[in-house]
> 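The following block contains the structure, expressed as structure tokens.
To find a chain, count down the sequence lines: A is the first, B the second, and so on, and within it residues start at 1. The analysis underlying the following values was restricted to heavy atoms, covering all of them including side chains, and did not include hydrogens, waters or symmetry mates.
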Amino acid sequence: MLRFLLQRLLVMIPVFFGVTLVAFGFIRALPGDPVEVLAGERGVSPERHAELTAQLGFDKPLWQQYLSYVGDVLQGDLGVSLVTNRPVLEEFMELFPATAELALCAIIFAIIVGLPIGLIAAIRRGSLLDQGMMSLSLVGYSMPIFWWGLLLIILFSNTLNLTPVSGRMSFLFEVEPVTGFMLIDSLLSDEEGAFASAVHHLVLPAVVLGTIPLAVIARQTRSAMLEVLGEDYVRTARAKGLSPWRIVAIHALRNAMITVVTVIGLQVAVLLAGAILTETIFGWPGIGKWIIFSVFSRDYFAVQGGLLLIALCVMTVNLVVDLLYGLINPRILHQRS
Amino acid sequence: MTATSSTANISVRRQQWQEFWFYFSESKTAVAGLVFLLLVITLALFADIISPHDPAEQYRQFAEIPPAWMEGGQIRFLFGTDYAGRDMLSRIIHGSRLSLVAGCIVVLLSLSIGTVLGLIAGYSRGWVEAIIMRVMDTILSVPGLLMALVLVAVLGPGLLNAMVAIAITYTPYFVRLTRASVISEINRDYVTASRVAGAGPLRLMFVSVLPNCAAPLIVQATLSFSTAILDTAALGFLGMGAQPPMPEWGTLIAENRDLMLSAPWTVTLPGLAILLAVLAINLMGDGLRDALDPKLKRS
């Protein structure tokens with residue numbers, strides 16, 4: 001297991017440096033004079049220009065600039081936001097829990113709904129139920145989620161008045177941030193109704209963000225189950241006279257889970273990309289909205305830092321999925337080591 | 001000799017095609033998807049003739065007219081008009097052009113670059129392969145839409161730059177697929193035979209190996225076509241893709257977002273267009289996969 005972990009970590013190193021190169025190159029590739037762009041000042045005097053160039057290190061050769069950038073990154077220094085003048089890492093950490101909460105709820109929603117749909121569709125293969133559920137999940141998979149979010153706002157927030165339009169919490173409540181997860185923090189606070197408000201704010205964005213993962217999980221669970229159900233050992237179990245549900249629950253599901261866990265892990269990148277759109281639509285104060293704002297306000301250090309940190313999140317989750325994969329399917333561990 | 005072998009070739013092709021169509025047409029939904037897609041393509045091709053109005057023409061006195069089937073609607077403006085009195089139907093029809101072209105260009109770019117890089121990686125192995133694959137891993141470690149956004153921030157907003165950016169984020173999938181098939185094919189007897197017969201690396205890569213990797217690539221290309229339309233629309237919606245007044249579907253939703261409550265059709269109809277087009281392509285993609293994947297064929 002340890003060897004497997006080290007192997008995976010070893011593969012991550014070049015990718016990490018690749019991402020730092022992209023983040024580093026991003027700032028250098030921006031159109032216009034990087035010093036003026038980065039300093040957020042236009043038409044600066046030549047003296048000020050030289051001063052800024054030295055301050056930002058642009059007078060050094062490119063490889064030296066890159067090395068000092070990587071050095072800074074490894075020490076946790078991702079630069080300072082041009083808009084707020086605060087360290088990028090600090091801003092990211094403050095907003096990250098909001099996105100994590102949203103993404104977690106979205107994936108839980110997707111699993112709770114998607115997994116049973118896939119299972120039932122596989123067991124009732126070819127039935128009307130199967131066809132109906134698979135058609136619906138293909139619709140979900142084809143959904144432009146920014147539009148889906150707007151539709152749900154029109155329906156639930158404006159027509160039915162059931163949910164708020166944006167934000168994480170009603171202004172009536174003041175919730176002390178402890179964990180950064182509004183659902184937990186609102187429970188910890190004494191404010192009555194704060195938890196309900198947090199749930200109300202969370203439902204629509206989580207459903208919107210979870211729609212595509214739901215569809216993918218349902219479809220992949222179905223095909224993984226179908227493959228497993230065709231195996232010899234399942235036929236043996238059937239021949240032994242086991243009930244269909246027992247075969248599914250005890251024999252087939254475990255092996256189908258290998259595929260499903262991988263699929264769920266792969267959805268993390270999808271969730272983070274979707275968070276950009278979902279958070280923009282629902283005014284959700286997370287990193288997705290933050291990064292869009294940074295792109296538009298030309299806060300390039302924030303974009304650069306955000307890019308790197310989000311890539312790190314994806315890489316970490318992929319590593320965890322790989323390890324889980326190894327745990328569920330011991331064949332993989334032995335094959336590689 | 002050559003004549004007979006070429007007629008034999010043609011009849012084999014025809015047989016393959018018939019077999020493919022036999023399996024593809026088994027799925028009613030796939031055929032439905034194909035038919036709808038052909039309809040959209042026709043709309044896009046003949047947009048100037050079919051659409052009832054000029055998509056940019058502003059009928060100021062007819063602003064925010066609801067669709068014909070709603071109260072206050074006019075048959076003249078079947079899908080209603082937007083805030084400036086532009087005909088929504090004509091804008092959506094013209095938008096299909098932009099979306100389809102964007103999807104095609106993204107797929108062509110990522111498919112061609114990805115296939116070539118994948119062939120090189122799978123054929124050469126060693127450090128060349130390592131470099132190519134690590135670069136692809138790097139691209140994959142950043143969520144696609146974010147990567148595209150960052151690239152557009154560098155290149156500048158606009159439809160063309162959005163397409164290039166999206167194509168870059170799709171390339172790794174084609175590289176991985178091609179490389180994997182090349183590695184599984186390269187030691188087969190027919191490749192060895194061709195090598196012994198004196199075929200050079202280019203001929204081996206493109207003439208011997210590539211056609212046998214085609215099936216998964218075609219399926220991936222279809223799936224990428226639909227996601228490319230979605231991503232182009234998403235970038236347009238975020239203001240980083242096609243710029244108004246271009247009637248790109250995502251841009252249409254963005255520019256009418258403020259009217260979402262007073263004139264909901266200006267938002268719902270373009271979105272429905274995206275959904276239906278993407279759904280049709282995905283239905284077709286599913287049928288293609290089933291028809292091309294021999295493993296699933298017999299089950």
Side-chain angles (χ1 to χ4, degrees), chain A residues 11-12 14-19 21-23 25-27 29-31 131 134-135 138-139 141-148 150-151 153-154 158 219 223 226-227 230 268-277 280-281 288 291-292 295-296 298 300 303-304 306-308 310-312 314-315 318, chain B residues 29 33 130-131 133-157 169 226-227 229-231 233-234 237-240 249-250 253-254 257 260-261 264 267-268 270-283 285-286 295-296 299:
Chain A
V11 180
M12 271 175 76
V15 177
F16 172 75
F17 282 104
V19 174
L21 257 179
V22 172
F26 159 67
I27 293 236
L30 285 169
Q131 283 170 9
M134 281 307 110
S135 310
L138 198 65
V139 172
Y141 182 69
S142 313
M143 193 64 87
I145 62 168
F146 51 95
W147 177 70
W148 179 224
L150 294 178
L151 274 192
I153 290 178
I154 294 178
N158 291 89
R219 284 162 59 84
S223 58
L226 283 182
E227 197 157 302
V268 172
V270 176
L271 282 174
L272 286 174
I276 294 175
L277 293 166
T280 306
I281 294 164
I291 213 143
I292 283 286
V295 167
F296 275 101
R298 301 175 186 278
Y300 293 117
V303 177
Q304 185 190 36
L307 184 74
L308 191 69
I310 290 173
L312 270 180
V314 174
M315 282 157 71
N318 285 348
Chain B
T29 50
I131 290 177
M133 296 322 287
R134 290 299 87 76
V135 171
M136 294 306 133
D137 286 351
T138 305
I139 298 177
L140 281 179
S141 68
V142 181
L145 189 64
L146 176 60
M147 190 59 134
L149 262 175
V150 167
L151 288 169
V152 172
V154 171
L155 300 168
T169 65
S226 65
T227 42
I229 291 179
L230 277 180
D231 282 348
F237 176 73
L238 290 171
M240 299 301 273
W249 289 339
I253 297 179
R257 198 179 153 188
M260 194 171 91
L261 302 176
V267 171
T268 50
L272 200 62
I274 304 176
L275 175 63
L276 289 178
V278 172
L279 184 62
I281 298 164
N282 282 337
L283 283 171
D286 269 10
K295 234 183 18 190
L296 292 169
S299 64

> Is chain A contacted by the side chain of B:Leu279, its backbone, both, or neither, given a heavy-atom distance below 4.5 Å?
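It is both, since atoms from each part get that close.
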
> Check each atom of A:Met315 against the heavy atoms of chain B and say whether the ones under 4.5 Å are side chain, backbone, both or neither.
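A:Met315 touches chain B through side-chain heavy atoms alone.
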
> So what's closer than 4.5 Å to chain A heavy atoms on B:Leu283: side chain, backbone, both or neither?
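When you check distances to chain A, atoms from both the backbone and side chain of B:Leu283 fall under 4.5 Å.
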
> Hey, what do you get for CZ (A:Phe17) to OG1 (B:Thr138), rounding to the nearest 0.5 Å?
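Rounded to the nearest 0.5 Å, the CZ-OG1 separation comes out at 11.5 Å.
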
> For each of B:Ile281, B:Val135, B:Leu145, tally heavy-atom pairs with chain A at distances under 4.5 Å, and name the one with the top tally.
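Top option by heavy-atom pairs under 4.5 Å: B:Leu145.
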
> Quick one: side-chain contact (heavy atoms from CB on, under 4.5 Å) partners of A:Phe296, sequence neighbours excluded?
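Partners of A:Phe296 under the side-chain contact (heavy atoms from CB on, under 4.5 Å) test: A:Ile292, B:Met240.
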
> Name the region of B:Ile253, side chain, backbone, both or neither, that has any atom closer than 4.5 Å to a heavy atom of chain A.
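When you check distances to chain A, only side chain atoms of B:Ile253 fall under 4.5 Å.
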
> Give the member of B:Leu276, B:Val142, B:Leu238 that has the highest number of heavy-atom pairs under 4.5 Å with chain A.
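Highest number of heavy-atom pairs under 4.5 Å: B:Leu238.
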
> Mind checking what makes side-chain contact (heavy atoms from CB on, under 4.5 Å) contact with B:Ala277, not counting sequence neighbours?
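side-chain contact (heavy atoms from CB on, under 4.5 Å) list for B:Ala277, sorted by chain: B:Trp249.
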
> With rounding to the nearest 0.5 Å, note down the distance linking CD1 in A:Ile145 to CZ in B:Phe237.
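It is 10.0 Å, given to the nearest 0.5 Å.
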
> How many angstroms lie between CG in B:Asp286 and CZ in A:Arg219, if you round to the nearest 0.5 Å?
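So the gap between those two atoms works out to 4.5 Å.
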
> Contact part of A:Val139 toward chain B, heavy-atom cut-off under 4.5 Å: side chain, backbone, both or neither?
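Contact with chain B: backbone and side chain both.
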
> Tell me, out of A:Leu307, A:Leu138, A:Val270, A:Val303, who's got the most heavy-atom pairs with chain B below 4.5 Å.
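Result: the option with the highest number of such pairs is A:Leu138.
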
> Could you have a look at B:Leu140, B:Leu149, B:Asp137, B:Leu146 and say which one has the most heavy-atom pairs with chain A under 4.5 angstrom?
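Highest number of pairs under 4.5 Å: B:Leu146.
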
> Tell me, for B:Thr268 versus chain A, whether the close heavy atoms (under 4.5 Å) come from the side chain, the backbone, both or neither.
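Interface part for B:Thr268: both.
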
> Heavy-atom pairs under 4.5 Å with chain B - which of A:Leu150, A:Val268, A:Ile154 has more of them than the others?
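Most heavy-atom pairs within the cutoff with chain B belong to A:Leu150.
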
> What part of A:Ile291 lies closer than 4.5 angstrom to a heavy atom of chain B: side chain, backbone, both or neither?
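Interface part for A:Ile291: side chain.
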
> So how far is it from B:Ser141 OG to A:Ile310 CD1, rounded to the nearest 0.5 Å?
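One finds 11.0 Å between OG of B:Ser141 and CD1 of A:Ile310.
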
> Compare all side-chain heavy atoms of A:Pro144 with those of B:Val278 and state whether any distance is below 4.5 angstrom.
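Answer no - side chains too far apart.
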
> Looking at every non-hydrogen atom in both residues, tell me the closest pair between B:Asn282 and A:Ser142 and how far apart they are.
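Nearest heavy atoms, B:Asn282 then A:Ser142: ND2-OG, 2.9 Å.
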
> So do the side chains of B:Ile274 and A:Trp147 get within less than 4.5 Å of each other, counting heavy atoms only?
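No, too far: nothing below the 4.5 Å cut-off.
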
> Just so I know, are the side chains of B:Met147 and A:Val22 near enough to count as touching, which here means a heavy-atom distance under 4.5 Å?
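Of all side-chain heavy-atom pairs linking A:Val22 with B:Met147, at least one is under 4.5 Å.
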
> Give the intermediate values and the outcome of side chain to side chain contact (heavy atoms under 4.5 Å, CB included) for residues B:Met260 and A:Ile153.
CA-CA 9 Å; B:Met260 194 171 91; A:Ile153 290 178; 3.8 Å; yes

> Which pair of heavy atoms, one from A:Phe26 and one from B:Val154, lies closest together, and at what distance?
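Looks like CD1-CG2, 3.4 Å.
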
